[in-house]
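Counting starts at 1 for both ligands and their atoms, in listed order.
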Amino acid sequence: MESDLVGELRGEMTRVAALVEDLRQELAGIMLAAAGDAPDDEHDVEGSSIGFERARVTALLAATEQRQAALSRALTAAANGVEVRCATCGQAIDPERLSALPGTTTCVACAGRRAGPSR
Ligand SMILES: [Zn+2]
């Protein structure tokens with residue numbers, strides 16, 4: 001029997017995997033455009049904008065892959081009935097927080113500390 005959390009994590013995994021795939025293709029397209037120097041009339045081609053796009057997509061892809069890895073850990077833990085522990089303090093992360101933010105690696109207290117008291 002699956003808990004709601006496992007189902008939600010699976011759904012999120014599917015979305016994130018699709019996003020990673022999209023970003024990889026987008027990045028491959030940018031690399032191709034940059035290498036071929038072929039004007040793509042769909043875009044206003046400037047050398048600097050290709051470099052900017054490449055940096056943006058690369059950063060986004062890295063962040064998304066990180067999220068995918070975190071989700072995978074959370075899913076494994078949830079599927080095995082193991083608590084997901086905070087990467088900072090080692091306390092179990094509240095399941096409600098996990099279902100709201102499936103890829104999170106920190107508990108509410110640590111996330112709050114990191115964000116600062118003004119939040
Ligand atoms: Zn913590």
Shared hydrophobic cluster, Met13 / Leu5 (ILVMFWY, side-chain heavy atoms < 4.5 Å): yes

Applying the 4.5 Å side-chain criterion to the ILVMFWY set and letting contacts propagate, would Leu27 and Ile50 be lumped into a single cluster? yes

Which N, O or S atoms belonging to the protein are less than 2.8 Å from the Zn ion (ligand 1)? Cys86 SG, Cys89 SG, Cys107 SG, Cys110 SG

Side-chain (Arg97) to main-chain (Thr106) donor-acceptor, under 3.5 angstrom: yes

Is the side chain of Ser72 donor-acceptor paired with the backbone N or O of Gln68 at a distance under 3.5 Å, no angle test? no

Would you say Leu61 and Glu65 make side-chain contact, with heavy atoms under 4.5 Å? yes

Quick one: does Leu75's side chain get under 4.5 Å of Arg10's, heavy atoms only? yes

